Structures are given as structure tokens and as C-alpha cells.
Amino acid sequence: MWSSRIAFIAAATGSAVGLGNIWRFPYITSENGGGAFVLIYLACIALVGLPIMYAEIVIGRRGRMSPINSLRELSTTSNASRNWAFIGVIGIMAGFMILSFYSVVAGWTLHYGFHYFKEWIGVGAPITDPGATFGALLGNAGELTFWHGLFMLMTVGVVGFGVEKGLERAVSVLMPVLMVLLLVLLGYGMNTGHFQEAVGFLFKPDWSQVSGSMFVTALGQAFFTLSLGMCAIMTYGAYLPANVNIPRVGVAVAGADTFVALVAGLAIFPIIIANNIDPGSGGAGLIFTSLPLAFAEMPFGIFYGMLFFVLLSVAAWTSSISLMEPATAYLVESTNLSRKAAALIVAGLSWLLGLASVFSFNLWSEVKIIGRSPMDAIDYVATQIMLPVGGLLIALFAGWVLSSKITREELDEKMPNWAYQAWLWITRVVTPALILVVLGGILNIF
Ligand code: TRP
């Protein structure tokens with residue numbers, strides 16, 4: 001049981017805030033042309049993300065077990081089919097797939113942290129051409145595999161070997177420091193003379209640019225950044241004390257996550273514009289090719305760069321834990337494997353699948369799956385399809401299968417009735433309809 005509301009908010013925010021905010025959000029915003037995309041993304045957070053976050057916490061707290069067993073138990077007591085537990089299976093698979101490439105990108109951040117460390121102690125060469133430095137890293141399959149493996153081991157360490165006590169204490173200090181670093185970068189960006197342009201790029205919508213795929217991408221990002229659609233937040237909800245107000249903690253977590261993403265965007269785009277990089281050029285390397293330009297100029301830039309990438313790795317670490325936990329918990333419950341063995345198996349398989357992402361940039365750079373590189377294909381199927389499908393089913397389950405007596409109790413009886421009715425009908429109708437329209441767009445139904 002979490003000791004308090006704050007402990008739950010810290011754990012859920014630790015899961016939510018990660019590479020999704022600081023690496024993925026800027027780069028897909030860049031690829032999707034800014035303003036209009038950002039507004040669609042914010043709408044997805046409010047109309048799809050938040051209601052599903054409530055739904056996941058409600059199911060988790062009511063079930064008090066791992067996702068599959070909670071869903072099975074709650075469907076039995078609601079006289080519904082036990083097949084609803086399948087949501088947990090989709091979640092396990094989606095988490096496993098996301099972890100595979102998440103760990104590769106977290107490996108890049110570890111590598112950059114180490115690079116700046118070497119430079120700081122005077123044994124490494126400075127980054128003079130960030131594009132070339134990043135390109136060289138991507139070309140080196142062995143190097144990428146090593147850092148990917150190291151990050152996966154760090155994740156197993158927590159999930160399988162229970163080293164979370166120390167991590168928890170460290171994180172409660174380190175994450176605020178990361179936030180301060182971002183705010184300082186934001187201040188630096190404001191001084192580049194291009195802050196206004198960056199604000200315009202991020203918030204001035206050019207509706208002529210809107211396309212169907214933008215909605216698909218924005219919806220996927222809303223799920224990804226809030227850790228929704230795969231029962232991760234449900235797992236955390238199982239430990240939430242009964243007297244904690246779910247709407248309040250949900251807003252706190254979603255608000256903090258959105259704030260970090262927007263600050264990251266506002267910090268990064270002025271640097272991009274000031275260095276004459278086309279803000280729409282995008283690419284998964286965006287932060288790795290732009291931030292070093294700022295670190296090269298700032299006072300104490302080397303130390304700063306080291307701190308930034310190390311702390312970003314820590315933020316990724318607290319997120320990857322929640323990606324690995326559901327699959328591990330499932331193996332522990334349904335086989336007679338020990339927790340250590342289960343975690344090692346999940347990590348080993350996910351590491352193996354991650355090699356497809358590693359090779360996307362070198363050995364397999366010509367390979368295309370559904371028109372994408374192997375890494376983008378895995379990201380696309382898990383983030384853009386599986387998370388929304390999971391979220392759709394979670395919303396339907398919470399809205400229609402659970403009795404409104406249960407959801408009313410869980411969402412706090414002190415909540416005004418209109419607010420509860422608003423959640424109920426958004427979750428029953430609006431959220432599923434939006435997800436269905438977007439998924440229908442992928443399948444070219446509309
Ligand atoms: N939300 C995390 C991030 O933004 C990634 C993450 C952790 C995640 N757990 C998840 C994404 C569950 C989807 C589902 O970096």
C-alpha cells in the first residue's frame with residue numbers, strides 16, 4: 001500500500017514522465033509541423049487520457065490485484081464475461097514491445113551522459129558536430145547493443161531484485177533537479193532571441209497542415225506519455241489507499257506530465273531555430289543533435305550536459321519499470337517462476353526484440369516493415385494501435401461493465417453529481433467514440 005496520496009502521485013508521475021516527454025514529444029511535434037498537432041495532442045490528453053487514467057485507477061483500486069486478475073474478478077462480480085481479462089494480455093504485449101525500443105533510446109541517453117562525463121574529467125573529445133556524433137553512435141551496432149543491455153539490466157535490478165528502496169529515495173531528489181535543469185534550459189532558450197518563434201511554432205495552429213495521421217500520432221502520444229492503455233497505472237492503482245481522491249490525483253499526474261512536455265518543447269525549439277535547423281525536420285535524434293549545440297555554448301555546459309543526460313536516463317528508468325512490471329507480475333502469478341527469474345526472462349526477450357531497433361540504424365537500415373524501419377514499426381503497432389485498443393476496452397469496461405454504484409464509490413462520493421455524470425458519459429461515449437474514429441482512420445474505414 002502506498003503510504004500516502006503523495007507516494008502514489010510520485011510513483012505514477014515517475015512512470016509518466018520520461019522519454020515520452022523529453023525525447024518523443026519534441027521529435028514527433030517537429031515531424032508533425034507544430035501548433036495544430038500540439039493542440040490536438042492536448043485535446044487527446046483531456047478527452048481521452050484523463051478519463052482513461054481515472055478508469056485505470058478505479059479498476060486497479062477496486063480489484064486490488066494484478067491487472068488480469070483484477071479484471072477477471074471485477075467482471076465475475078459484475079456478471080460479465082471473464083474475457084475482459086484479455087485487456088491485460090494486450091497490455092502485457094504492448095508494454096513488452098514498447099520496452100524493447102524504449103531501452104534502446106534510454107541507451108542513447110546513457111551513452112550521452114557517459115560522453116559528457118568523459119569530457120568533464122578531461123579524457124573525451126568535445127562534441128563539435130552533433131549530427132556527426134549522433135550518426136556515428138547509430139552506426140555502431142555493438143555500442144548501441146551494450147547501452148541497451150545496460151539499461152535493461154538496470155530495469156531488471158528494480159523489477160526483479162527489488163532495489164527500489166534506494167531508487168525511490170534518489171528519485172525524489174533527482175526528478176526535481178531534472179525539472180530545474182529543464183527550466184534553466186528554458187531560460188537559455190528565452191535568451192537565444194528565438195523564443196517567440198518557438199512559441200509560435202508550438203502553439204500557433206496551421207490547420208491547413210492537419211491530416212488524419214496527425215490524429216493517430218497525437219492520440220498515441222497521449223497514451224504513451226501518460227503510461228495509459230496497458231494497465232501500468234492500473235497496477236499502481238491497486239496499492240492506492242481507499243480514502244484518496246482519484247480525480248484529484250489523476251489531474252495532478254496528467255498535469256505534471258503535460259507541464260514537463262511543454263517545458264521541454266519550449267526549451268528545445270528556440271535552440272533548434274537559433275541554430276538554423278529546420279524545426280519541421282524531426283527525426284528520432286532531434287534532442288541529441290540539438291541540445292549539444294546549447295551545451296557547447298553555455299557556461300559549465302559540459303557538466304550541465306552530463307547532468308541532463310544522466311537525469312534523463314533516471315527518468316527513463318522509473319518509466320521502464322512500469323513497462324516491465326505487468327509482464328513480470330503475470331509470469332510470477334501464472335507459473336511457478338520466481339520473481340527474479342520472471343523479470344530476467346521478460347528483460348531478456350525484450351532485449352532481444354530491442355535488437356531489431358538497434359539494427360534499424362545500421363545492419364538493417366534498408367529493411368522496411370509496413371513502410372517503416374523496424375523500430376518505427378514496433379513503436380507504431382504498440383503505441384498507435386495496441387495502446388488505443390487497450391484504452392478503448394478499459395473505458396468500455398469502466399463505463400458499462402462496472403456498476404455505477406462501484407464507480408461512484410471509487411470516484412469519491414463527495415464529488416458533485418454533475419462531475420460524476422460528466423466522467424461517466426465521457427468514458428462511456430465520448431472517449432470510445434474518439435478512439436474508434438481515429439482507429440477507423442488507420443484502417444481506412446472512414
Ligand atoms: N510514459 C512513459 C514516458 O513518457 C513511458 C511509459 C511508461 C509508458 N509506462 C508506460 C508508455 C506504459 C505506455 C504505457 O516516457
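Atoms within each ligand, like the ligands themselves, are counted from 1 in listed order. Heavy-atom basis, side chains included; hydrogens, waters and symmetry copies ignored. Everything numeric in this text was worked out from a predicted model, so none of it was measured.
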Checklist line | Y102 near ligand 1 by a heavy-atom separation under 4.0 Å | finding: yes

among protein heavy atoms, the one nearest atom 9 (N) of ligand 1 is S322 OG, 2.9 Å

field: Pair S322, S227: side-chain N/O donor-acceptor within cut-off below 3.5 Å
entry: no

Looking only at protein heavy atoms, what sits closest to atom 12 (C) of ligand 1 is M230 SD, 3.3 Å

Across all chains, not counting sequence neighbours, the salt bridge (Lys or Arg N to Asp or Glu O under 4.0 Å) partners of E31 are none

Quick test of your reading of the model: are D379 and R24 salt-bridged, counting only N-O distances below 4.0 Å? yes

Atom 6 (C) of ligand 1 sits nearest the protein heavy atom S227 OG, 3.5 Å

Open item on the list: For the backbone of F295 and the side chain of Y304, can you confirm whether one donor and one acceptor N or O come within less than 3.5 Å of each other?
Closed with: no

Notebook entry, point to check: Has the side chain of R82 got a donor or acceptor atom that lies under 3.5 Å from a matching backbone atom of R72?
Noted result: no

Within 4.0 Å of some non-hydrogen atom of L323, the atoms of ligand 1 are 7 (C), 8 (C), 9 (N), 10 (C), 12 (C)

Going by the 4.0 angstrom heavy-atom rule, the piece of A16 near ligand 1 is backbone

Looking only at protein heavy atoms, what sits closest to atom 11 (C) of ligand 1 is F224 O, 3.1 Å

Numbered in order shown, the ligand 1 atoms found under 4.0 Å of a heavy atom of T225 are 1 (N), 4 (O)

Looking only at protein heavy atoms, what sits closest to atom 2 (C) of ligand 1 is S15 O, 3.2 Å

Side-chain heavy-atom pair F223, P388 within 4.5 angstrom cut-off: yes

Would you say the side-chain atoms of E325 and T235 include a donor-acceptor pair closer than 3.5 Å? no

Q. Below 3.5 angstrom, do we get any N/O pair linking L19 and ligand 1?
A. yes

